[in-house]
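Please read the structure below before turning to the comments.
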Amino acid sequence: NVAWLLATGPDGHRDGPAAVAAATRACELDGWRNPSFVSTLAAAHAEAGDFARAVEYQTKALAYPKNDTPRARARLKLFQ
């Protein structure tokens, strides 16, 4: 949740590098099994300005069958 807030919260509260660190840690602790964490990592990379990594991780998040939603696909388009 912290990573999501740091990546997508209101201006003045965003911190891309901290969001990347928090989201990466969440993914590692979970063994990369939670597509929401991977999608949050994508948003964190986008906030940090690394759109290539954002696309990479959002594409990985879409590979989870239950995460392939119109909202997740729209996020991918934003990152592209």
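Quick note: numbers below take in every heavy atom, side chains included, and nothing from hydrogens, waters or symmetry partners.
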Name the atoms and distances for all side-chain donor-acceptor pairs under 3.5 Å in residues 4-12, with sequence neighbours left out.
{"residue": "Trp4", "atom": "NE1", "partner": "Thr8", "partner atom": "OG1", "Å": "3.2"}
{"residue": "Thr8", "atom": "OG1", "partner": "Trp4", "partner atom": "O", "Å": "2.7"}

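For the atom pair Phe37 CZ and Asn1 CG, the distance stands at 8.0 Å (nearest 0.5 Å). Gln58 CD to Thr40 OG1: the interatomic distance, rounded to the nearest 0.5 Å, is 9.0 Å.
Considering only residues two or more places apart in sequence or on other chains, Thr59 meets the side-chain contact (heavy atoms from CB on, under 4.5 Å) condition with Val55, Leu76. The salt bridge (charged side-chain N to carboxylate O under 4.0 Å, His left out) test applied to Arg75 returns no partner, not counting sequence neighbours.
Sorted by first and then second residue, the salt bridge (charged side-chain N to carboxylate O under 4.0 Å, His left out) pairs with a member in residues 54-69 read Arg53-Glu56, Glu56-Lys60, Asp68-Arg73; sequence neighbours excluded. Sorted by first and then second residue, the salt bridge (charged side-chain N to carboxylate O under 4.0 Å, His left out) pairs involving residues 29-52 (not counting sequence neighbours) are Arg14-Glu47, Asp30-Arg33.
Other residues sharing a hydrophobic cluster with Val20 under the 4.5 Å side-chain heavy-atom criterion for ILVMFWY residues are Trp32, Val38, Leu41, Tyr57, Tyr64.
Counting all heavy atoms, side chain and backbone alike, Phe51 lies closest to Ala46 at CZ-O, 3.6 Å. Ala48 and Pro17 get closest at one heavy-atom pair: CB-N, 4.3 Å. Taking each heavy atom of Pro35 and Ala61 in turn, the nearest pair found is O-CB, 3.8 Å.
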